[in-house]
Amino acid sequence: MKKTIITIIILLTGIINAQKLNFVAGLDGNYYLPLGTLGERFNPTAGIAISFGKEVSKDWTWVGKLEYFKFDKLNEDKLKLNKKIAVGSNTESFNIPLNDLSMSLEIVGLSANAFYNALDFGDFKTDITFGFGVYRWYSPRETYTLYFEQTTKSFYRDTVGVNGSFNKVLDVPSISQSDWSGGFNLGLHFNYEVINNFNIYAGCEYKVILGELWQALALNLENIAGFQMVNIKAGLKYQF
């Protein structure tokens with residue numbers, strides 16, 4: 001009988017503790033800084049994410065996250081083409097800016113993320129976070145044609161309505177890539193409980209998506225094997 005009572009007490013204690021574990025819902029804004037060769041093509045961009053999950057213990061929380069972002073602002077400082085062009089009887093080198101090139105990388109991801117409560121100071125907590133997921137991405141690049149006018153030594157994308165003697169110096173066809181790729185992230189989150197069960201947080205993560213963008217040597221674009229980035233985020237979290 002005594003063992004039975006002890007067993008019941010242990011079970012009840014487990015149930016009570018389980019009832020204290022909360023569901024978690026979050027909404028955050030993200031700022032993605034591309035690294036490596038991805039950063040040579042694109043400037044940073046913003047994105048949005050929603051998450052939902054549950055505390056599985058006092059120190060661990062698992063959430064599913066759906067996120068969306070799109071790189072479409074070009075790194076004009078890096079996107080330049082050095083090309084030798086015949087001018088009369090001579091050959092000259094030109095550093096051609098490609099700031100009018102249209103290309104982008106659009107990403108939607110669904111990932112599972114774990115948060116480990118590393119430091120707890122009551123209302124203020126610090127989490128170590130890591131996650132893995134699958135990402136659907138789409139990357140188009142337009143046709144790029146460039147003409148050179150020898151008299152003025154000027155470049156034109158289109159010669160309609162422009163007088164002069166033109167040579168076509170670039171004619172790169174369009175391309176569109178899309179795929180499903182795995183990815184992972186690792187970072188830190190800083191949480192502050194403003195009122196009961198309502199938190200604001202900020203964090204920083206290193207993220208890699210295992211996709212590949214093909215090279216375009218005619219445009220001086222190198223192959224990208226892995227989309228590396230730093231994700232700076234801030235958001236709201238509610239526990240219920």
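The analysis underlying the following values was restricted to heavy atoms, covering all of them including side chains, and did not include hydrogens, waters or symmetry mates. Everything quoted here is computed from the prediction, not taken from an experiment.
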Side chain to side chain, Thr91 and Lys84, heavy atoms closer than 4.5 Å: yes
Cluster link Leu33 to Phe227, ILVMFWY, side chain under 4.5 Å: no
Interatomic distance, Glu142 atom CD to Ser174 atom OG [nearest 0.5 angstrom]: 9.0 Å
Minimum-distance pair of heavy atoms, taken over all atoms of Asp127 and Asn191: OD2-ND2, 2.9 Å
Nearest heavy atoms of Val230 and Cys204, plus distance in Å: CG1-SG, 3.6 Å
Stepwise side-chain contact (heavy atoms from CB on, under 4.5 Å) test for Leu27 and Ile48: CA-CA 8 Å; Leu27 172 67; Ile48 191 169; 4.1 Å; yes
Over 12 foreign heavy atoms within 6.0 Å of CG, Asn95: yes
Residue that, paired with Asn113, satisfies side-chain hydrogen bond (donor to acceptor under 3.5 Å, both in side chains) out of Thr129, Asn185, Thr61: Asn185
Closest non-hydrogen atom pair, Leu219 against Leu81: C-CD1, 4.2 Å
Asn30 side chain to Asn231 side chain, donor-acceptor N/O pair below 3.5 angstrom: yes
Heavy-atom side-chain proximity of Phe190 to Phe124 below 4.5 angstrom: yes
Axial cation check for Phe94 ring with Lys83, 6.0 Å and 45° limits: no
Donor-acceptor pair, side chain of Thr159 and main chain of Val162, under 3.5 angstrom: no
Min side-chain heavy-atom separation Tyr138-Ile107 under 4.5 Å: no
Hphob cluster co-occupancy, Ile224 + Leu210, side-chain heavy atoms under 4.5 angstrom: no
Spacing of CG belonging to Leu74 relative to CG belonging to Asn99, to within rounding of 0.5 Å: 8.0 Å
Spacing of CG belonging to Leu213 relative to OG belonging to Ser139, to within rounding of 0.5 Å: 4.5 Å
Glu40-Thr37 side chain donor-acceptor pair, cut-off 3.5 Å: no
Within-4.5 Å side-chain heavy-atom neighbours: Leu105 and Phe42: yes
Nearest-0.5 Å distance, OH of residue Tyr201 to CD of residue Glu193: 15.0 Å
Linked, directly or transitively: Leu236 and Tyr192 (ILVMFWY side chains, under 4.5 Å): yes
Check: Tyr206/Gln228 side-chain N/O donor and acceptor closer than 3.5 Å: yes
Aromatic ring pairing Phe240/Phe52, orientation class (parallel under 30°, perpendicular over 60°, tilted between): tilted
Tyr238 side chain reached by Asn199 side chain, heavy atoms, under 4.5 Å: no
Derivation of the side-chain contact (heavy atoms from CB on, under 4.5 Å) call for Lys233 and Tyr31: CA-CA 6 Å; Lys233 61 177 61 181; Tyr31 189 66; over 6 Å; no
Evaluation steps, side-chain contact (heavy atoms from CB on, under 4.5 Å), between Phe148 and Phe166: CA-CA 5 Å; Phe148 177 70; Phe166 296 96; over 6 Å; no
Exercise: do Glu55 and Gln239 side chains pair donor with acceptor under 3.5 Å: yes
Check: Ser178/Trp137 side-chain N/O donor and acceptor closer than 3.5 Å: no
Whether Phe69 and Phe71 hold their rings parallel, tilted or perpendicular, with breakpoints at 30° and 60°: perpendicular
CG on Leu21 to NZ on Lys58, rounded to 0.5 Å: 11.5 Å
Closest heavy-atom pair and its distance - Leu170, Ala218: CD2-O, 3.6 Å
Joint cluster assignment, Ile209 & Phe130, ILVMFWY side-chain distance < 4.5 Å: no
Nearest heavy-atom neighbours spanning Gln150 and Asn167: NE2-ND2, 2.7 Å
Thr126 side chain vs Leu119 backbone, donor-acceptor pair below 3.5 Å: no
Sidechain N-carboxylate O distance under 4.0 Å for Glu106, Arg136: no
Distance-only side-chain donor-acceptor flag, Tyr144 / Asp100, under 3.5 Å: yes
Glu67-Tyr32 side chain donor-acceptor pair, cut-off 3.5 Å: yes
Arg41 versus Leu79, closest heavy-atom pair with distance: O-CD1, 3.6 Å
Side-chain donor-acceptor contact under 3.5 Å, Tyr135 with Lys207: yes
Connected via hydrophobic side-chain network under 4.5 Å: Tyr116 and Phe132: yes
Steps toward side-chain contact (heavy atoms from CB on, under 4.5 Å) verdict (Met229, Leu38): CA-CA 8 Å; Met229 63 200 76; Leu38 184 65; 4.3 Å; yes
Pairwise side-chain contact, His189 with Lys125, heavy-atom cut-off 4.5 Å (strictly under): no
Over 12 foreign heavy atoms within 6.0 Å of OH, Tyr68: yes
From Lys237 atom NZ to Ile200 atom CD1, the distance as rounded to the nearest 0.5 Å: 11.5 Å
Glu205 side chain vs Leu186 backbone, donor-acceptor pair below 3.5 Å: no
Side-chain touch Lys54/Val24, heavy atoms, less than 4.5 angstrom: no
Over 12 foreign heavy atoms within 6.0 Å of CH2, Trp62: yes
Exam field: side chain Arg141 to backbone Ser176, donor-acceptor pair closer than 3.5 Å: no
